[in-house]
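When a ligand or atom number is given, it counts from 1 through the structure's own listing order. Reckoned from all heavy atoms, side chains included, excluding hydrogens, waters and symmetry mates.
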Amino acid sequence: MNLTEIRKIEHLNICLNQEVQAGDTLFDDVHLVHQSLPETDLEEISTSCEFLGRKLELPLMIAAITGGCEEARQINEALAGVAERKGLAFGVGSQRAMIEKPELTPTFSVRSVAPSTVLLGNIGITALKQVSPDRVAQAVEAIGADGLCVHINPGQEIFQNEGDDDFAGCADALAGLCTAVGFPVIGKEVGNGISRQAAELLKKAGVAAIDVGGLGGTSWTLIDSIRSGKDSSRFRQWGIPTAASILEARSAELPVIATGGLRNGLHMAKAISLGADLCGIALPFLRILSKDGVQGVENYVDALEQDFRHALFLTGCKNVAELRKVSVILGPRLKEWVIQRKLDR
Ligand SMILES: Cc1cc2nc3c(=O)[nH]c(=O)nc-3n(C[C@H](O)[C@H](O)[C@H](O)COP(=O)(O)O)c2cc1C
């Protein structure tokens, strides 16, 4: 087993057994306005949307979790199967392990259980300085993915013993990749959020969408400090809360994926009302799968769908596009963020 494979197993074990969430999404500071006369039938509301030109039944992606070991293969297969049956998008974890060791490819391959799912590959941005666009494209093609998430994780790398904290030249490497490949590339934070400035740099590099990976959910500074023993206590609240990051990122006028601490269908509705096009959830899927199996995961997706549908109904919206246009009331912390950062709402 090489270092990357060992790291994957340690990440899974820490996420399953320890407290790994930190910070506040600020979704409590987003208020949707109740409409007593929705003039629509709850059952006729459409929760479907389009992402990368394809239809999803719910604006939801099972965000990148794993790959690179036997346990990961089972997790990917189980969760991708749920994504296929429920019409969600699905992301595999970092494919670095399979680029280093091609025999690990099957631990990322989910097409046999998810033939029509919108499937995204994954690689870290610092790896783009060492791995050519051709090799990255081969990894994406090897699993039949429709696009690639490039994770951007400076907060994680500095607390990892083996972390790569040289981010100089990363934006150029990303731009080189975006120009060279024929599939959409998504710039993806993993828990510290994307600022307006970062969103503009990502747009300039040529990404097709931005996953904000905001503060308030799984904390990679925390997880990797548990592994390394480095003290990350002063950085637990570091980052841009997910709700604020949606508003920051949407200024770049690219599709926005809201990930980081979304836990229920009301969080999803709030994210969409702030301007997100798609929502992403990771940690709950991993934990529910481990505790309650595939049926538990399907029940969770049904509960997300039901809450989301209820939120559409109670805001008088017939579909997701209408929800993106409703007016929202911001609580004091999020409002202050918008004012001081001079963001549009
Ligand atoms: C066990 C685990 C492993 C993850 N591995 C990756 C990864 O390899 N690449 C990546 O881009 N994100 C990875 N993530 C981050 C998630 O995709 C997501 O951005 C983050 O966990 C925030 O969402 P959450 O609060 O719903 O968990 C991982 C998350 C978990 C829980």
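- In this structure, Arg333 contributes its side chain and Asp28 its backbone to no donor-acceptor pair below 3.5 Å.
- For ligand 1, the atoms sitting less than 4.0 Å from at least one non-hydrogen atom of Ile281 are 26 (O), numbered in the order shown with element in parentheses.
- Under 4.0 angstrom from ligand 1, the non-hydrogen atoms of Leu283 come from both its backbone and its side chain.
- Between Arg324 and Asp277 there is a salt bridge, since at least one side-chain N of the basic residue sits less than 4.0 Å from a carboxylate O of the acidic one.
- Residues passing the ring pair (Phe, Tyr, Trp, His ring centres under 6.0 Å) test with Phe159 are Phe235, sequence neighbours excluded.
- Closest to atom 19 (O) of ligand 1, if we only count protein heavy atoms, is Lys188 NZ, 3.1 Å.
- A salt bridge does not link Lys270 with Asp307: none of the charged nitrogens is closer than 4.0 Å to a carboxylate oxygen.
- Residue Asp344 qualifies as open at atom CG: its count of foreign heavy atoms under 6.0 Å is 12 or below.
- Relative ring orientation between His11 and Trp220 is described as perpendicular, the plane-to-plane angle rising above 60° on a 0-90° scale split at 30° and 60°.
- Put simply, no part of Phe285 is less than 4.0 Å from ligand 1, judged by heavy atoms.
- Residue-level proximity to ligand 1 for Ser94 is carried by backbone and side chain together, each with a heavy atom below 4.0 angstrom.
- At least one heavy atom of Gly261 lies less than 4.0 angstrom from ligand 1.
- Residue Gly260 places a heavy atom under 4.0 Å from ligand 1.
- Counting only distance, with no hydrogens or angles, the side chain of Asp29 and the backbone of Leu334 share a donor-acceptor pair below 3.5 Å.
- With respect to the salt-bridge test (charged N to carboxylate O, under 4.0 angstrom), the residues Asp166 and Lys129 qualify.
- Close approach of ligand 1 to Ala63 is summarised as follows: ligand atoms under 4.0 Å from at least one heavy atom of the residue are 17 (O).
- Using 4.0 Å as the threshold, Gly213 has no heavy atom nearer than that to any atom of ligand 1.
- Of the protein's heavy atoms, Ile65 O, 2.7 Å lies nearest to atom 3 (C) of ligand 1.
- Contact atoms of ligand 1 toward Leu286: 1 (C) (distance under 4.0 Å to a heavy atom of the residue).
- Distances below 4.0 Å separate heavy atoms of Gly217 from the following atoms of ligand 1: 25 (O).
- Between Glu84 and Lys86 there is no salt bridge, since no side-chain N of the basic residue sits under 4.0 Å from a carboxylate O of the acidic one.
- Under the 4.0 Å criterion applied to side-chain N and carboxylate O atoms, Arg73 and Glu77 are assigned as salt-bridge partners.
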Audit row: Val20, Ile14, side chain to side chain contact (heavy atoms under 4.5 Å, CB included) steps and yes/no: CA-CA 8 Å; Val20 294; Ile14 292 172; 3.7 Å; yes
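- Proximity of Thr218 to ligand 1, defined as any heavy-atom pair under 4.0 Å, is shared by backbone and side chain alike.
- Residue-to-ligand polar distances keep Leu262 apart from ligand 1: every N/O pair is separated by 3.5 Å or more.
- Atom 30 (C) of ligand 1 has Trp220 CZ2, 3.4 Å as its closest protein atom, hydrogens excluded (heavy atom only).
- In this structure, the protein non-hydrogen atom closest to atom 16 (C) of ligand 1 is Ala64 O, 3.3 Å.
- Surrounding CD of Glu253 are at most 12 heavy atoms belonging to other residues, nucleotides or ligands under 6.0 Å away.
- No heavy atom of Thr66 sits closer than 4.0 Å to any atom of ligand 1.
- Residue, atom and distance of the protein heavy atom nearest to atom 25 (O) of ligand 1 are Arg263 NH2, 2.8 Å.
- Annotation for ligand 1: atoms under 4.0 Å from non-hydrogen atoms of Thr259 are 18 (C), 19 (O), 22 (C), 23 (O).
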